[in-house]
Amino acid sequence: MPSRHHPFRVAAAVACVVLGLGLIGGAATGSWLTGDSAADPAARDTFATARGLWHSVPVDTLFPRTLAGDGAGPGGADREWTRIGVAPDSGCAGTLDPLLLGTLRPVGCARVLRATYVDATSSNVTTVGLVFTQADAVAMDTLRTRFRNESLGERADLMPRTFPVKGTVAGGFGDAQRASWTVNVLTEAPVVVFAVSGFADGRKVPAPQPVDKAMAKGATTAPAQSGLGHEAKGIADRIERGLRKTVSARTAASQ
């Protein structure tokens, strides 16, 4: 005797199939839309390569002895910077301010590399740093979003610390001498790039400014008038570009 399907049961079965397909399709679409690079083998390879650069790449590659800042100064003026000291690679506690370290905790700070540069006139000094984290692409993207949404890069209490170099014009470059700074969370590598600038004569700066404000048109503060926002941004940008180039080359060579 032929079986009969109850209309309600048939409808329910169809609904389950459609719902199941919708969930699967939605998950796949969501992963694609959000750029879930944690599931991307190429992204994992890039992050794995970048994570070990702090101990496998020559210091002159990460922090070149000289940097050319074509058009990097106020009004598009050219700049040139000379490295005057490189700090020994270090852990995160004691190197980063506790509040900044706490902000970076979700990505797992692993190692910090720093160098200090002076401009061609020996008027300004800048410490630039690379914070290597233990995070994947998703975690780095989340942290970058938080920095943007909460304007964390503009908070003076999250300003990076300096690396003073004894016996040089940066010998007195301490916390009180910080004038302008930038912090950039990368999403293509597990690295946070920062730079902080100040006067080479060791003068204190009572009101430091993040680079965006120090570089704003019409800004009249001391960091702005002296171009210290341009110094921090210019050096950070060039160190970041070099890092990206190194990561790309190392990743390609390993494949």
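Using a distance-only test at 3.5 Å, with no hydrogens or angles considered, no donor-acceptor pair links the side chain of Q225 to the main chain of A222. Although no hydrogens or angles enter the test, the distance criterion places no donor-acceptor pair under 3.5 Å between the side chain of S122 and the main chain of V118. At least one donor-acceptor pair closer than 3.5 Å links the side chain of T49 to the backbone N or O of D45. Proximity of a side-chain donor or acceptor of R161 to a complementary backbone N or O of G94 within less than 3.5 Å is detected. Panel note: side chain R178, backbone D175; a donor-acceptor pair is recorded below 3.5 Å. Side-chain atoms of R51 come within 3.5 Å of backbone N or O of A135 as a donor-acceptor pair.
Cluster membership for L113 and L186, using ILVMFWY side-chain heavy atoms within less than 4.5 angstrom, is shared. V185 and V112 fall within a single hydrophobic cluster, where Ile, Leu, Val, Met, Phe, Trp and Tyr are joined by side-chain heavy atoms under 4.5 Å apart, directly or via other members. Under the 4.5 Å side-chain contact rule for hydrophobic residues, V59 and I84 do not share a cluster. L62 and W81 fall within a single hydrophobic cluster, where Ile, Leu, Val, Met, Phe, Trp and Tyr side chains are chained together by heavy-atom contacts under 4.5 Å.
At least one side-chain heavy atom of R65 sits less than 4.5 Å from a side-chain heavy atom of D60. In this structure the side chain of F199 reaches within 4.5 angstrom of the side chain of N124, judged on heavy atoms. Put simply, the side chain of T133 reaches to within 4.5 Å of the side chain of M140, judged on heavy atoms. At a threshold of 4.5 Å between non-hydrogen side-chain atoms, the residues L130 and F63 count as touching. Contact of the L67 side chain with the Y117 side chain is registered, since non-hydrogen atoms from C-beta on lie closer than 4.5 Å. Counting only heavy atoms from C-beta outward, the side chains of R114 and V128 never approach each other to under 4.5 Å. Taking 4.5 Å as the limit, some side-chain heavy atom of M159 sits within range of a side-chain heavy atom of P208. Inter-residue side-chain proximity for T127 and F173 is flagged as met; some heavy-atom pair is nearer than 4.5 Å.
Summarising the geometry, atom CD1 belonging to I239 is positioned 13.0 Å from atom CZ belonging to R244; distances are rounded to the nearest 0.5 Å. Atoms OG and CG, on S123 and D201 in that order, are 8.5 Å from each other to the nearest 0.5 Å. Between the CG atom of L100 and the CZ atom of R155 there is a distance of 10.0 Å, given to the nearest 0.5 Å. The CH2 atom of W54 sits 5.0 Å away from the CG atom of D89 when rounded to the nearest 0.5 Å. Remark: R238 CZ to K233 NZ distance equals 9.5 Å, nearest 0.5 Å.
Between T168 and V165 the shortest heavy-atom distance is OG1-O, 2.7 Å. Nearest approach of P223 to A207, heavy atoms of both residues: CG-O, 4.0 Å. Of all heavy-atom pairs spanning V107 and A139, the tightest one is CG1-O, 3.8 Å. Residue E231 comes nearest to T126 through the heavy atom pair CB-OG1, 3.8 Å, listed as atom of the first residue, atom of the second, then distance. Heavy atoms only, all atoms of each residue included: L228 and G198 are closest at CD2-O, 3.5 Å. Pairing each heavy atom of V86 with each of F163, the nearest pair is C-CE2, 3.6 Å.
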Given T182 and V193, is the side-chain contact (heavy atoms from CB on, under 4.5 Å) satisfied, shown in steps? CA-CA 8 Å; T182 181; V193 182; over 6 Å; no
For V196 and S180, what are the C-alpha separation, side-chain angles and deciding distance, and is it a side-chain contact (heavy atoms from CB on, under 4.5 Å)? CA-CA 6 Å; V196 56; S180 190; over 6 Å; no
Evaluate the criterion side-chain contact (heavy atoms from CB on, under 4.5 Å) for residue pair L96 and F194; output intermediate values, then yes/no. CA-CA 11 Å; L96 300 177; F194 69 81; 4.2 Å; yes
Given the rule in the side-chain contact (heavy atoms from CB on, under 4.5 Å) test, do D97 and L158 qualify, once you have shown the distances and angles that lead to the verdict? CA-CA 7 Å; D97 182 86; L158 295 179; 5.8 Å; no
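Note that R144 lies outside the cation-pi zone of F147, set by a 6.0 Å cut-off to the ring centre and a 45° limit from the axis.
Remark: the T95 side chain and the S90 side chain contain an N/O donor-acceptor pair separated by less than 3.5 Å. For the residue pair T66/T82, the side-chain donor-acceptor check at 3.5 Å is not satisfied. At a cut-off of 3.5 Å, with distance as the only test, no side-chain donor of W181 or Q209 sits close to an acceptor on the other residue.
In this structure, R79 does not pair ionically with D70, as no charged nitrogen and carboxylate oxygen lie closer than 4.0 Å.
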